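In what follows, a structure is listed as structure tokens, so that the remarks can point back to it.
When a ligand or atom number is given, it counts from 1 through the structure's own listing order. Because only heavy atoms are used, hydrogens play no part in the values below, and waters and symmetry mates are left out as well, while side chains stay in. Quantities reported herein were computed from a predicted structural model and do not represent experimental measurements.
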Amino acid sequence: MTEFKIEINRTPEKKQKPAFDNLEFGKNFTDHMFEMDYTAGRGWHDPRIVTYQPLSLDPAAMIFHYGQSVFEGLKAYLTIDNEVLLFRPEKNMERLNKSNSRLCIPEIDEELALYALKELISLDRDWIPNVEGTSLYIRPFVISTEPYLGVAPSKKYKFIIILSPVGAYYKEGINPVKIAVQNEYVRAVKGGTGTAKTGGNYAASLKAQELASLTGYSQVLWLDGKENKYIEEVGSMNIFFKINGEVVTPELNGSILEGITRNSVLELLKYWNIPVAERRISIEEIYQAHADGQLEEAFGTGTAAVISPIGEFFWDNKKIEISGGTTGELSKKIYDTLTGIQKGTAPDPFGWSV
Ligand code: PMP
């Protein structure tokens, strides 16, 4: 790997660490952060690691007005041998640039970003929690910083990486979640920004999530934005179903986010010779498969929870229960295998761990 020149300014004062056996998701941040600036005509410049600190931005900075921003999310794990493992981090950097391209943000050297990430983690290595179910969550992101109120791509940006020691994302852990199918609001449409990891998509999802929570459901199942018929994603996860022995997931259609966990699950299933298909799936088909006794399992996939089994759907005033509301056998096997690879306790035939 190429050596890049990054200025490292160690913090003069280390912070008090939280108790690692009681971590909430995304509330604690490490001692340092990585920062790099972009200026039109000059490109990306001044890569540096500095003390974790607030940003000072002009109130006219474009990020506050038109939301031109992207982000990523991945995790670092500590193995029993005290090694640090990342899971397919190059995929996150690749997706960061795909998101950048969609949002008219200048691309970032993926190797530099990965190098910066590793340098930052080694500096804050003692923040990686070692308690079961914990990890160091990594949040790389880009914001537009030019002070200008015209609607146009910004001429200045900041690329930042912050680190957060985390526990489980969903309080349910690997226990099944209850899902409300959303008929009114949509997350993304074809031609929109659904395939990019950009803040606006998440802002747009809050209303439906709020409604689902009010009625006792933990996540929203998103349907397509045109006909409100085909299944897209669940909360901020991709979705899989096991129907009569075959595993199916919605095909990438221009509005679904291409999850790295989704891709890994597909590869794993093919490796195990389990029949798997990427295709359009309607919510009606799922209810019919349930009525026919063929809906065996359903689960969400994403970096935060890895695998999140689904125990119940609510749609069109009808509730259905899946796997008797318990965690399905295949969901559990995929969860154990992926988390084993991530933590270095299971063989990694794909070379996913870095
Ligand atoms: N869909 C959405 C909308 C997401 O925000 C995420 C989380 N990045 C995913 C799916 C899952 O992607 P990944 O497996 O890469 O975490």
Side-chain angles (χ1 to χ4, degrees), residues 25-26 69-77 86-100 102-103 110 117 135-142 161 164 166 168-170 177 179 182 185-190 192-209 212 218-225 230-241 249-269 278 281 298-310 331 334-335 337-339 341-342 350 352-354:
F25 187 89
S69 72
V70 301
F71 68 97
E72 267 306 321
L74 65 161
K75 285 174 171 175
Y77 304 84
L86 295 168
F87 184 72
R88 310 185 80 184
E90 67 291 343
K91 284 265 179 209
N92 292 90
M93 297 313 172
E94 197 183 303
R95 187 171 66 188
L96 181 77
N97 269 338
K98 279 192 198 160
S99 301
N100 279 339
R102 179 64 182 82
L103 272 291
E110 291 168 26
L117 179 64
S135 58
L136 186 70
Y137 186 78
I138 305 162
R139 169 54 58 89
F141 63 104
V142 183
I161 307 175
S164 172
V166 298
Y169 187 76
Y170 301 113
V177 290
I179 303 296
Q182 178 51 241
Y185 299 106
V186 297
R187 192 193 84 90
V189 293
K190 191 159 184 260
T193 55
T195 56
K197 246 178 122 57
T198 183
N201 292 342
Y202 299 81
S205 76
L206 298 176
K207 192 76 193 171
Q209 180 59 47
S218 53
Q219 295 282 310
V220 171
L221 184 83
W222 300 106
L223 299 178
D224 77 276
Y230 297 101
I231 294 171
E232 299 241 309
E233 306 198 41
V234 58
S236 51
M237 293 183 288
N238 295 112
I239 190 164
F240 286 75
F241 301 92
T249 189
E251 66 192 353
L252 300 175
N253 59 355
S255 55
I256 291 175
L257 187 83
E258 185 174 359
I260 292 156
T261 321
R262 174 188 184 277
N263 176 277
S264 309
V265 169
L266 287 173
E267 298 222 4
L268 202 56
L269 292 169
E278 294 173 71
I281 306 159
F299 55 91
T301 68
T303 298
V306 189
I307 300 294
S308 185
I310 296 169
S331 312
I334 298 172
Y335 178 83
T337 308
L338 281 182
T339 53
I341 294 174
Q342 289 167 342
F350 310 95
W352 283 337
S353 277
V354 174

* Asked: So, are Arg187 and Glu232 salt-bridged, with charged N and O less than 4.0 Å apart?
  ->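 Salt bridge: no.
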
* Does Glu110 come within less than 4.0 Å of Lys91, counting only side-chain N to carboxylate O? -> no

* Asked: With Phe87, which residues qualify under ring pair (Phe, Tyr, Trp, His ring centres under 6.0 Å), at least two apart?
  ->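 In terms of ring pair (Phe, Tyr, Trp, His ring centres under 6.0 Å), with neighbours along the sequence ignored, Phe87 is linked to Trp352.
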
* **Non-neighbouring partners of Arg95 that pass salt bridge (charged side-chain N to carboxylate O under 4.0 Å, His left out), sequence neighbours left out** => Glu72

* **Sequence-distant partners of Glu258, salt bridge (charged side-chain N to carboxylate O under 4.0 Å, His left out), two or more places apart** =>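 Expected list: Lys98.
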
* So which protein residues pack against ligand 1 under 4.0 Å, heavy atoms counted? -> Arg95, Arg187, Lys197, Tyr202, Glu233, Ser236, Met237, Asn238, Leu257, Gly259, Ile260, Thr261, Thr301, Gly302, Thr303

* Asked: Shortest non-hydrogen contact from Tyr202 to Leu257?
  -> OH-CD2, 4.4 Å

